[in-house]
Amino acid sequence: MKRRFFRWEWLLLILIIGISIVNGRLSTHFWSYTGLMDALAVFLEKGFMVLTMVLVLVIGDIDISVASITALSSVLMAMAYRGGLPMALAVPLALAVGVGCGYFNGTLIAKIPGLSAIIVTLAGSSLYRGIAYILLGDQAVGGFPSWYSYLAWGYIKGTHIPFIIVAFLVCALFYGLLLHRTTFGRRLYAIGNNLVAARFSGVPVARIKQIVFTLNGLMAGVAAVFLTSKLGSSRPNIALGYELEVIAITVLGGVSPSGGKGGIVGACLALLLMRLLRYGMGLKNIPGQVMMVLIGIILIGVVMVPQLVSTRKGKPLVRES
Amino acid sequence: MDRDPCPRVLYGADVENGILELRGISKFFPGVRALNRVDFDLYPGEVHCLVGENGAGKSTLIKIITGVYQPDEGEILYQGQKVVFANPMVASRYQIAAVYQQPASFPHLTVTENIFLGHPLIHPKSKRLLWPAMWERARELLRSLGSDLSPTAVVGTLSVAQQQMVEIAKALSIHARILIMDEPTAALTRRETEDLYAIVRKLRAQGTAIIFISHRFEDIYEIADRVTVLRDGKSVGTWKIVEIGEQDLIRAMVGREITQLFPKAQVTPGKELLRVEKLSRIGFFRDISFSLRAGEIVGLSGLVGSGRTEVAQAIFGIAPADEGKIFVEGKEVTIKSPLDAIRNGIGYLPEDRLHQGLFFPMSISDNITIAILDDIAPSGWLQPEREHEVASRMLELLKIKAPTIFHPVSSLSGGNQQKVVVAKLLAARLRILIMDEPTQGVDVGAKAAIHQIMSDLAKEGLGILMISSEMPEILGMSDRILVMHEGRISGEFSRGEATQEKLLEAAVNVERSRKREVNISG
């Protein structure tokens with residue numbers, strides 16, 4: 001099949017290999033097993049958010065409230081723990097908060113005509129973080145039990161595999177199967193490609209949108225659990241600006257914001273690519289601000305490639321499921 | 001079919017001085033030879049019909065004449081001179097214009113803005129746009145077409161027929177010497193079609209060379225002087241219309257003979273499948289009551305805009321009715337969404353199939369199975385083998401021309417895309433089918449196939465509600481015919497008693513239609 005000839009994933013893979021080679025020259029530590037594992041583990045809380053952002057973009061919507069949901073989840077979890085709730089219950093609470101916020105977004109978007117995802121989640125983004133600020137002000141809450149820091153820092157017993165990597169891979173597998181191997185996933189692509197035709201074909205569009213945004217909230221809650229574990233404390237400004245990077249990685253992974261295109265594998269490769277880029281620039285002691293500029297430029301450059309390729313062929317580049 | 005008693009042997013056509021001649025034109029696309037050494041010529045003052053099944057190469061040929069595509073082989077002569085239409089701008093400089101079935105106008109702009117887009121009247125010095133002059137000119141052009149549309153009307157608010165009028169006016173505004181009309185009658189009612197014929201004849205008399213593409217034999221025998229048949233990218237031949245009969249023309253198009261165009265088999269109607277009572281939606285239709293029984297095909301006739309499609313969409317839950325009841329097999333049901341309708345065994349083939357029926361980048365197989373995923377994969381895990389089995393069966397049944405079922409629908413020709421939508425509906429195995437213009441824009445062969453399938457489905461005990469603007473189709477396929485006029489049912493006829501005249505009478509509801517005309521023009 002011709003359209004398989006050029007796949008976005010191959011380009012990402014080539015870039016990853018290229019950057020890995022450069023990184024390997026910059027640091028002898030890079031190619032060591034522990035070096036690689038630690039390099040990857042640092043970044044993964046964003047990865048959880050990327051997974052469901054793929055679903056959101058595939059149905060042609062967007063969610064810019066994810067980072068705020070993470071903040072609210074984290075703050076409520078920390079406050080509940082401070083208020084006496086055992087951590088083993090505070091963690092599920094964080095997930096529940098994520099689910100609640102996502103469900104709220106999804107219900108508004110799906111059930112009220114004229115409310116678009118960008119408006120609802122823009123409002124949500126200031127709403128959820130606003131609540132977090134009201135609740136906690138400028139404080140930070142920490143002092144979590146030691147087992148909790150294992151989530152972000154620990155290794156699988158008897159190995160040198162970080163727990164967070166395993167957790168991420170399990171989630172990635174789950175969402176990969178959900179998107180590419182189930183009827184639910186097929187319907188997401190249908191909605192993203194032609195909303196009207198999907199409705200005419202009996203796809204329960206409203207319910208599916210609700211589910212997708214709820215899942216996205218859930219993963220924002222998961223990200224809150226791991227991020228708080230990594231930082232050791234919670235503050236209302238936690239995960240500030242993450243939504244932009246999460247969306248950027250998703251788009252870089254070949255998932256079109258106009259819907260119906262891309263998949264989980266591409267997004268995971270893009271996540272890896274972004275991490276390696278930052279890692280390499282870190283090795284070169286490139287300051288954070290410059291890093292942002294470079295990443296912006298690279299993002300535009302890479303996202304432009306398929307446009308250039310497809311105009312040359314005179315046909316849009318398409319890939320689905 | 002009525003024919004002129006005296007044969008029209010290219011009267012008025014300037015046979016000595018052809019305006020356009022294509023010699024040995026070939027066009028290749030990856031894996032396909034869309035055109036294979038096609039010859040075509042055109043004289044001023046003739047209507048030259050271009051016919052052929054979907055995918056025969058008509059669109060490609062038109063795109064070469066309008067400069068959208070470049071031929072890979074062959075040459076184009078314009079008034080005997082070799083020319084290259086490097087792009088559509090060049091072609092329009094040679095006064096070639098095209099009017100399409102779905103007018104490609106700008107819906108938010110006015111009639112005048114649409115007509116003068118690309119060549120506005122400008123004050124030579126101040127470069128100011130001369131609106132009053134353009135309005136006046138637009139009014140003149142429209143009047144010459146027998147239309148009193150307002151030059152400042154917003155095009156999006158006009159009917160398809162009126163939008164086509166604007167496109168034709170636009171062609172006149174560049175003094176088109178070659179006018180290409182691509183299925184202009186497909187979306188028109190009978191009366192609008194007659195008006196269009198009149199315009200075409202008038203332009204012909206003025207010496208315009210017209211290329212007319214149509215699937216309707218009525219059109220071809222009504223206005224063509226000559227006809228060229230394309231099949232599989234090759235020109236089968238060119239005939240004067242008086243020299244070729246309908247059967248021969250069909251044979252030339254399909255390469256085989258189609259004996260029965262409307263094969264609806266006699267079936268004794270079974271139990272009642274669908275009944276609607278006093279269905280009303282404010283501003284669209286009122287007091288619609290009818291029933292549909294197993295084995296029946298009920299035709300829903302009437303002018304475009306009489307509320308037929310709205311009734312269908314109410315039953316399918318796209319825009320539910322405000323009042324009234326819907327019964328499926330005797331049980332009252334609530335239908336608020338297409339999903340409700342499908343769960344109650346009701347399927348709908350939308351009129352605007354390309355926008356409401358297809359997922360272009362997705363594979364043919366994915367498109368066909370989207371509505372039946374729950375049946376194919378009740379566990380929620382996709383079952384690719386079973387999907388492919390269903391899709392392959394449909395591909396064969398409807399003779400969809402596609403390399404494989406894995407190719408994206410966007411890679412198919414227009415007619416084959418239409419068939420995919422039909423395939424999607426048939427695959428769903430529902431008991432009640434609502435088909436809105438089921439054969440609009442498909443070729444003769446596919447049309448016969450779709451009619452055959454409809455008849456077979458009815459025989460199997462399904463009930464079909466068919467909306468159609470095509471008289472022979474309504475008369476040939478329906479067991480019963482309902483006629484709508486301005487949102488109400490204005491007539492009901494059995495298969496035996498229905499005639500073209502009776503249906504038309506009910507559709508225009510003679511007296512009232514006068515008022516309606518006034519409303520439109522005012």
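Chain letters run A, B, ... following the sequence lines, proteins first and then strands; every chain starts at 1. Here the structure is a predicted model, which is why all the values come from computation and not from measurement. Atoms considered below: every heavy atom in the structure, side chains included; atoms not considered: hydrogens, waters and symmetry mates.
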Minimum side-chain heavy-atom gap B:Leu382-A:His180 below 4.5 Å: no
B:Ile370, B:Ile372, B:Ile342 screened by side chain to side chain contact (heavy atoms under 4.5 Å, CB included) with A:Ser201, the one that passes: B:Ile370
Enclosure of A:Ile118 CD1 (heavy-atom neighbours >12, cutoff 6.0 Å): no
Residue pair B:His355, A:Val196: steps toward the side-chain contact (heavy atoms from CB on, under 4.5 Å) verdict: CA-CA 8 Å; B:His355 297 112; A:Val196 177; over 6 Å; no
Side-chain donor/acceptor of A:Asn194 to backbone N/O of B:Leu358, under 3.5 Å: yes
Atom OH of A:Tyr103 with >12 non-hydrogen neighbours under 6.0 angstrom: no
Structural part of B:Asp352 lying under 4.5 Å from a heavy atom of chain A: neither
B:Ser379 portion near chain A, given a 4.5 angstrom heavy-atom threshold: neither
From CG (A:Leu178) to CH2 (B:Trp381), nearest 0.5 Å: 8.0 Å
CD1 (B:Ile282) with more than 12 external heavy atoms under 6.0 Å: no
Heavy-atom proximity to chain A below 4.5 Å, by part of B:Tyr348: side chain
Student check: side-chain heavy atoms of A:Arg199 and B:Ser337 closer than 4.5 Å: no
When A:Ala197, A:Gly192, A:Gly185 are compared by non-hydrogen pairs under 4.5 Å with chain B, the top option: A:Ala197
For B:Gln356 against A:Phe200, the heavy-atom pair lying closest together: OE1-CE2, 3.4 Å
Segment of A:Ala198 engaging chain B (4.5 angstrom heavy-atom cut-off): both
Reported CZ-to-CD distance for the pair A:Arg181 and B:Gln383, which is rounded to 0.5 angstrom: 11.5 Å
Top contributor to chain B interface from A:Val205, A:Thr182, A:Leu195 [non-hydrogen pairs under 4.5 Å]: A:Thr182
B:Phe360 side chain near A:Asn193 side chain, heavy-atom distance below 4.5 Å: no
A:Arg187/B:Asp366 under salt bridge (Lys or Arg N to Asp or Glu O under 4.0 Å): CA gap, chis, key distance, verdict: CA-CA 10 Å; A:Arg187 289 182 172 125; B:Asp366 290 356; over 6 Å; no
